[in-house]
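In what follows, residues are counted from 1 in the order of the sequence shown. Below, each value reflects all heavy atoms present in this structure, side chains not excepted, and no hydrogens, waters or symmetry copies.
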Amino acid sequence: MALGSHEVSILVAGFPRKVSTVAIAVGGLVSFFVFGLLLRLSDPISSSVSGVFYGNANPEQVEIPSSLSNHTVQGLYTSTNDIYTSDKNLTSTSQSSSGSPDLVSLDISPPDSEKPLMQQEKGDTVSSLDTSTTEKTDLGSGEGETNVSKADGGDTPNVSSPSHDASETTSAEETECDLYQGSWFYDPGGPLYTNNSCPVLTQMQNCQGNGRPDKGYENWRWKPSQCDLPRFDAKKFLELMRGKTLAYIGDSVARNQMESMLCLLWQATCCFQVETPVNRGNKKMQRWFFNSTSVTIVRIWSSWLVHQFNEKFDYAPEGVIKLNLDLPDERIIEALPSFDVVVLSSGHWFAKQSVYILKDEIVGGQLWWPDKSKPMKVNNVEAFGISVETILKSIATHQNFTGLTIVRTWSPDHYEGGAWNTGGSCTGKEEPILPGKLVKNGFTEIMHEKQATGFNRAVDGVEDSSKVKLKLMDITEAFGYRHDGHPGPYRSLDPNKITKRGPDGRPPPQDCLHWCMPGPVDIWNEMVLELIRRDFEGKKMRDSSS
């Protein structure tokens, strides 16, 4: 029908001039948005259209190292601030040229045929995994995709991530979303502190100070699938913990995490005018005190978290460590009433020589068993699970402790091609493992399982479980992707240290267990802050309703 036809003229004439003008204007506006929507659908990668319709246009292109460009796929993406555009689906895997997903190997070593990230072809795609039919190896779930395109004449990708529904975020946060299912993304903002700005950083974890040439590992942050994990806020932490004490208890990985917390808080001295913490510790207990808020950070060394002694016991001679698996470390129990939050770390010392005792009977040992003809009742893996149950039951039933206990799960190591003492290596790892490329470590899997079992038994063994404040901070799977975050051969200031493989391919001595600082370990304390916030705010709500 022509616009100037008789019928149209009669229709327009039937309305006042002002009304017809408005109708025409509205019609034009609708046509504009329909046209824009068609452009969006026809070219979903276009960043300019995405900016118009989703409000995420960025006037400056984010620069990330070209070596990280192939990481900018579903589950690994970039952000310039703390409001990350993402979709609740972050499960994906790289596909081979044949189009079929790479299989996950149970071998500790990565497959030799894995194509280097820098050599992926431009046509390589990323597809979603149906989690109902595949092994659980990725960190997210659902459907969706993140598209990556190269800018003309450059190596830096333009990234368009699916928009994040604000209503979904609010709903997820109200139900305390799972912090441990998600993905790693590259954050150009970098870490909150440097290796030079933190005076308590152990030299072995000072990777930059020890000459590590790459720095990209410092920029990767964790994004839960259903909500955001905020950057660590030192001021918020100190206010939440005002007048309270946080204790890190366990092995050298606990020390690693405690130093990370101090570095994050020390950085506040420049930004929030918080005073330098005072060292009030001794050989038995490290204690750092923040005077303005009366916050104390404590560390207690406890290798196994249970009672240990050296004296001769039955047929176990003096000099071999004996562990009473059914008795907690008395130093922990004695100090417990003075703590408000406890973070436990253990497990790796169960690889060391020790004798296991249950109910005053020797039941097993690690790297020690005098009669090879008789089977042990308890091996080191089972002993670990028992120790977790023992310490948690003792904490949960302690009459003078009502604080929050956080059990940080097994910290994965990344010795590939062997163990720490048999040529295992993480030399040259500079980027996280891509989703779908994680190679399962059998020992990590079983230790994590035993730890979770011990945790659940402790909770179930308490009569009034509603009053037990035990939280399992399940970081094991997520940090399995961070083989780039360890010191590797950069463990000391020695200018003559060997950092490359020798002519025979043998790797140099290295640390693939502890974590560089700054680095992935800082994310643990972001999670700790979030768990503390949830617990304290939940307590306020319970108190106000009672």
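Between the Trp222 side chain and the Leu179 main chain, a donor and an acceptor come within less than 3.5 Å of each other. Lys500 places no side-chain N or O within 3.5 Å of a backbone atom of Gly502 that could act as its donor or acceptor partner. Side chain of Gln510 to backbone of Thr427: a donor-acceptor contact under 3.5 angstrom is found. At least one donor-acceptor pair under 3.5 Å links the side chain of Asn525 to the backbone N or O of Gln257. In this structure a side-chain-to-backbone donor-acceptor pair under 3.5 Å is missing from Arg457 to Lys393. No donor-acceptor pair closer than 3.5 Å links the side chain of Asn324 to the backbone N or O of Ile357. Side chain of Asn379 to backbone of Glu382: a donor-acceptor contact under 3.5 angstrom is found. In this structure, Lys223 contributes its side chain and Phe185 its backbone to no donor-acceptor pair below 3.5 Å. A donor-acceptor pair under 3.5 Å links the side-chain atoms of Asn210 to the main chain of Tyr490, judged by distance alone. Remark: side-chain polar atoms of Tyr180 are not paired, donor with acceptor, to backbone N or O of Ala478 under 3.5 angstrom.
Counting heavy atoms from C-beta outward, His514 and Arg255 have side chains that approach closer than 4.5 Å. Within the 4.5 Å cutoff, side-chain heavy atoms of Lys215 are placed close to those of Gln208. Side-chain contact between Pro432 and Asp484 is present, with at least one heavy-atom pair separated by less than 4.5 Å. At least one side-chain heavy atom of Tyr315 sits less than 4.5 Å from a side-chain heavy atom of Pro370. In this structure, the side chains of Leu344 and Ile395 come closer than 4.5 Å at one or more pairs of heavy atoms. No side-chain heavy atom of Asp460 sits under 4.5 Å from any side-chain heavy atom of Phe455. Taking 4.5 Å as the limit, every side-chain heavy atom of Lys322 sits out of range of all side-chain heavy atoms of Glu311. In this structure, the side chains of Met527 and Leu229 come closer than 4.5 Å at one or more pairs of heavy atoms.
Under the rule for a ring-ring contact (aromatic ring centres under 6.0 Å, His included), the partners of His348 that lie at least two apart in sequence or sit in another chain are Trp410. Contacts of Glu318 classified as salt bridge (charged side-chain N to carboxylate O under 4.0 Å, His left out), with partners at least two apart in sequence or in another chain: none. With sequence neighbours excluded, the residues that form a ring-ring contact (aromatic ring centres under 6.0 Å, His included) with Trp288 are Trp266. Take Ile446 and apply the side-chain contact (heavy atoms from CB on, under 4.5 Å) test, not counting sequence neighbours, and it matches Val381, Phe443, Glu449, Lys450. Considering only residues two or more places apart in sequence or on other chains, His307 meets the ring-ring contact (aromatic ring centres under 6.0 Å, His included) condition with Phe309. With sequence neighbours excluded, the residues that form a salt bridge (charged side-chain N to carboxylate O under 4.0 Å, His left out) with Asp214 are Arg212.
Put simply, OG on Ser346 and CE on Met447 are 8.0 Å apart, with the number rounded to the nearest 0.5 Å. A distance of 5.5 Å separates OG1 in Thr405 from CG in Leu470, rounded to the nearest 0.5 Å. A distance of 12.0 Å separates CD of Glu530 from CZ of Phe232, quoted to the nearest 0.5 Å. We find the CE-CH2 distance between Met376 and Trp368 to be 10.0 Å, quoted to the nearest 0.5 Å. To the nearest 0.5 angstrom, Tyr186 atom OH is 9.5 Å from Glu218 atom CD. Between the CG atom in Asn206 and the CG atom in Asn195 there is a gap of 4.5 Å [rounded to 0.5 Å].
For the pair Leu493 and Gly209, the tightest heavy-atom approach, listed with the atom from each and the gap, is CD2-O, 3.2 Å. Here the closest heavy-atom approach between residue Val253 and residue Ser345 is recorded as CB-OG, 3.8 Å. In this structure, Cys263 and Val200 approach most closely via the heavy-atom pair SG-CG2, 4.3 Å. Minimum interatomic distance between Gln308 and Leu323 (heavy atoms only, all atoms of both residues): CB-CD2, 3.6 Å. Residues Trp220 and Ile523 share a closest heavy-atom pair of O-CD1, 4.5 Å. Scanning all heavy atoms of the two residues, the minimum distance from Pro412 to Gly480 falls at CG-N, 3.7 Å.
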Full working for side chain to side chain contact (heavy atoms under 4.5 Å, CB included) between Ser387 and Val306: CA-CA 6 Å; Ser387 73; Val306 294; 3.7 Å; yes

Apply side chain to side chain contact (heavy atoms under 4.5 Å, CB included) to residues Asp522 and Tyr193 and explain how you reach the verdict. CA-CA 10 Å; Asp522 300 320; Tyr193 65 94; 2.7 Å; yes

List the steps and the verdict of side chain to side chain contact (heavy atoms under 4.5 Å, CB included) for Asp474 and His448. CA-CA 9 Å; Asp474 197 350; His448 176 264; 2.7 Å; yes

Side chain to side chain contact (heavy atoms under 4.5 Å, CB included) between Ile249 and Ile391, intermediate numbers included: CA-CA 11 Å; Ile249 302 175; Ile391 187 62; over 6 Å; no

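With ring centers used as reference points, Trp184 lies under 6.0 Å from Phe479.
By the 6.0 Å contact criterion, CZ on Arg501 is enclosed, its count of non-hydrogen atoms from other residues, nucleotides or ligands being greater than 12. For CG of Leu367, the number of neighbouring non-hydrogen atoms (other residues, nucleotides, ligands) closer than 6.0 Å is greater than 12. Under a cut-off of 6.0 angstrom, the local environment of NZ in Lys377 is sparse, with at most 12 non-hydrogen atoms contributed by other residues, nucleotides or ligands.
Trp349 and Trp301 have perpendicular rings, their planes meeting at more than 60° on a 0 to 90° scale where under 30° would count as parallel. Using a 30° and 60° split on the angle between ring planes, His414 and Trp515 fall in the perpendicular class, above 60°.
Glu259 and Thr202 share a side-chain donor-acceptor pair at under 3.5 Å.
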